[in-house]
Amino acid sequence: MSDVRVRFAPSPTGPLHIGGVRTALYNYLFSKKHGGKMLLRIEDTDQTRFVPGAENYILEALQWVGITIDEGPTQGGPHAPYRQSERKPMYRAYAEQLIAEGNAYYAFDTEEELEAMKERLKAAKVASPSYNMVTRMQMNNSLTLPEDEVKRRLDNGEAYVIRLKVPRKEEIRLNDLIRGWVVVHSSTIDDKVLLKSDGMPTYHLANIVDDHLMGITHVIRGEEWLPSAPLHVLLYRFLGWESTMPKFAHLPLLLKPDGNGKLSKRDADAGGFPVFPIDWKVPGTEDTWIGFRDQGYLQEAVVNFLAFLGWNPGTQEELFTMEQLIQEFSIERIGKSGTKFDINKAKWYNQQYLRLKSDAELQQLMESVLQAEGVSYDSTTIGAISLLLKERVTFAQDFWTEGKFFFQAPLSYDSAVASSKWNSDAIQVSKALQDKLQSHTGDLSPETAKHLFHEVLDEQGIKIGKVMQAVRLAITGVGAGPDLMHIISILGKDETVQRLQSALSTLSETVKP
RNA sequence: GGCCUGUUCGUCUAGGGGUUAGGACGCAUCCCUUUCACGGAUGAAACACGGGUUCGAUUCCCGUACAGGCUACCA
């Protein structure tokens, strides 16, 4: 399998769904594992659904995730173009070849006629009304119309489509890499449109033609394609390409976190989490659909999270870099069943990867978060703070939410803590600590701060547990956070004294000792 | 409705004819700690159901239920 060639083939109809990103990732991992090529093909055969900006979105999303494309619309390649709309002229010949060999036919039926046919069948209690081997003989097509009539209509430029002539009774089998043998009877397949009346191929034709022409060896795609896979097998056969037909692997779908159904944007809105890789600004509106990247998720966390949604290496390890994933990936270890989307796991991965960052990276992360908040501070201090906060953050932006008291004195005090902890002892200790710090000269290391604080406690004869949280509240405004002595040390003598002072006046007013 | 696919703790999953059915997320309790977090320990928690096959089925087969997908001149 040294010449593995796979492709990711999205439609530019909107932002790439996170499930699509996973499909792209599996394709990428598989191709790199085998030293093969990864192609990107834009399937824009439905001109009514084309959304401007969608292709760029796909490119940007893949790039962020770290999926590199070997051949595609931007990098070109031996099988260019890689946009199906630009390949339009190539498809008709194959459809006509199928007609010439008796495996397809022209159909002239109007929308109304098709509708009427379906109604008629429905009234006759036919289970699934469709254009197939029995109904096609009652419609207007080159199978029912006299040859000269067909020619006349064609010459007149009448609208037509080309439909596949599905064999009457035949078992079509397909050996899916994930699901094993799938057998479908041809009588359950309808005469799918191959070439639309606007001259564009449908997915089915374009897909098979392109995959063949581009030398695709493995088709890894979502399970929603499984029902039409037998149809694709039929096309490979009729086109004479069965011996080089790619192997198929149909991936399980990503499902809603709770309840039933596949994961949708609705779930994202309800759960407050993203289902898109990066932000999508909906054209013509002010709306933005949130993406993982812009919500503060790390690229490596998303990759790891996505890879494990339906695949696992069979070991107990869970933290894998892209390189390791490539090393370990195998289609055999992809699961069969649908996977519910649990954002908690994604958060956990993010926390893990954030913690794996070097001190310098952490500092940089925190600096950019502060910058976004309009806060500037000296780098050394930020470095120290980021280390203090390291074990407490899940997202980089938590550096701000968890540590804003380093940069601004409390504007208010957590009332629950205030009412239970702020008492006469707390006031006494705060006053004494204020005085003690005031008269202190020289450096204020965490150790020194601790020493001073204990001196105060000893002098006042008060146990540490009785007042610690109150003092923390006075200095930070909240009841929880990193080691208070480190906070005091970073804040410095003057700032700490000042904060104790304002706490003493503000809190004493509102809370009775 | 028809066709296709699936079903191990709440979730992601390992496993596979005989196991105390393992791990992770989440949850709970305890320890550490001035607090919270981290960390550590412990705990609750699963083989959808019914038939077969078998000495023995969670594992194999068949049904049923449930779930998902498809059923467009959309992909």
Side-chain angles (χ1 to χ4, degrees), chain A residues 9-13 43-46 48-49 84 107 109 111 114 122 125-131 159-163 176 178-179 182-185 187-190 192-204 206-207 221-230 250 252-253 255-262 305 308-319 333 335-349 351 355 389-394 398 402 417 421 450 453 457 463-473 476 478-485:
Chain A
S11 285
T13 55
E43 308 223 328
D44 54 352
T45 53
D46 185 355
T48 63
R49 293 210 309 158
Q84 289 184 328
D109 314 281
E111 215 173 298
L114 289 171
K122 226 181 276 174
K125 300 241 173 7
V126 172
S128 52
S130 57
Y131 207 119
Y160 67 90
V161 299
I162 294 178
R163 283 182 184 272
D176 188 272
I178 294 173
R179 282 148 219 288
V182 177
V183 183
V184 176
H185 199 89
S187 63
T188 62
I189 302 176
D190 61 341
K192 282 270 182 298
V193 171
L194 264 22
L195 200 75
K196 302 187 258 188
S197 55
D198 65 358
M200 274 289 194
T202 58
Y203 172 86
H204 306 293
N207 197 257
R221 72 218 311 188
E223 195 186 358
E224 69 267 26
W225 293 111
L226 193 53
S228 52
H250 288 94
L253 264 18
L255 272 21
K256 292 178 187 298
D258 52 273
N260 319 122
K262 65 175 174 183
F305 169 66
F308 271 65
L309 244 33
W311 174 87
N312 76 84
T315 64
Q316 312 250 93
E317 281 108 289
E318 305 207 78
L319 258 26
R333 294 203 65 86
K336 291 176 167 66
S337 50
T339 303
K340 289 193 179 179
F341 189 84
D342 183 8
I343 197 66
N344 269 328
K345 200 85 178 200
K347 288 180 182 169
W348 178 77
Y349 271 116
Q351 186 184 32
R355 208 176 299 165
L389 259 20
K390 181 176 178 174
E391 307 285 294
R392 338 173 58 85
V393 293
T394 299
D398 294 342
E402 293 288 317
V417 182
K421 304 286 183 187
K450 188 172 186 174
F453 187 62
L457 291 171
K463 285 254 193 314
I464 188 163
K466 301 211 63 161
V467 294
M468 195 55 166
Q469 229 191 329
V471 177
R472 171 184 293 281
L473 179 76
T476 68
V478 290
D483 182 80
L484 186 58
M485 299 310 141

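What you see is a predicted model; the values in this text were computed from it and never measured. Chain letters run A, B, ... following the sequence lines, proteins first, then strands; residues in each count from 1.
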Shortest side-chain distance from [X], nucleotide among [options]:
X	options	answer
A:Leu114	B:G1, B:G69, B:C73	B:C73
A:Lys345	B:A24, B:U34, B:C74	B:A24
A:Ser128	B:A24, B:U5, B:G2	B:G2
A:Arg49	B:U35, B:A75, B:C70	B:A75
A:Arg333	B:U8, B:A14, B:U5	B:A14
A:Lys336	B:G6, B:U5, B:C73	B:G6

Pairwise [atom1] distance, [M] and [N] [rounded to whole Å]:
N	M	atom1	value
B:G63	B:C74	P	37 Å
B:U11	B:U71	P	28 Å
B:U19	B:A24	P	23 Å

OP1 or OP2 of [N] less than 4.0 angstrom from a side-chain nitrogen or oxygen of [X], does that happen here?
X	N	answer
A:Asn312	B:U13	no
A:Arg355	B:C38	no
A:Lys340	B:G6	no
A:Arg221	B:C70	no
A:Thr202	B:A75	no
A:Thr339	B:U13	yes

Whole angstrom is fine here: how far is it from [atom1] in [X] over to [atom2] in [N]?
X	N	atom1	atom2	answer
A:Gln316	B:G23	CD	C1'	4 Å
A:Gln469	B:U34	CD	P	12 Å
A:Leu255	B:G6	CG	C1'	10 Å
A:Leu253	B:A67	CG	P	16 Å
A:Leu226	B:G69	CG	P	13 Å
A:Glu402	B:C38	CD	C1'	12 Å
A:Trp225	B:U5	CH2	P	18 Å
A:Phe341	B:U13	CZ	P	13 Å

Counting only Watson-Crick pairs (N1-N3 plus N6-O4 or O6-N4) and G-U wobbles (N1-O2, O6-N3), all under 3.5 Å, who is the partner of [N]?
N	value
B:A24	B:U11
B:A67	B:U5
B:G50	B:C62
B:C30	B:G40
B:A45	none

Closer to the 5' end of RNA chain B via nearest nucleotide, is it A:Ile178 or A:Leu195?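 Its nucleotide being nearer the 5' end, the pick is A:Ile178.
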
5'-most contact on RNA chain B (nearest-nucleotide basis), A:Ile464 vs A:Asp109, goes to A:Ile464

Looking only at N and O atoms, is any donor in the side chain of A:Ser197 or the base of B:C73 less than 3.5 Å from an acceptor on the other one? yes

Touch check for A:Arg472, heavy atoms < 4.0 angstrom, all strands: base, sugar-phosphate only, or nothing?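 Answer is base: heavy atoms of A:Arg472 come under 4.0 Å of a base.
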
Distance, nearest 0.5 Å, that separates NZ of A:Lys262 from CZ of A:Phe341: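 One gets 15.0 Å once the value is rounded to the nearest 0.5 Å.
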
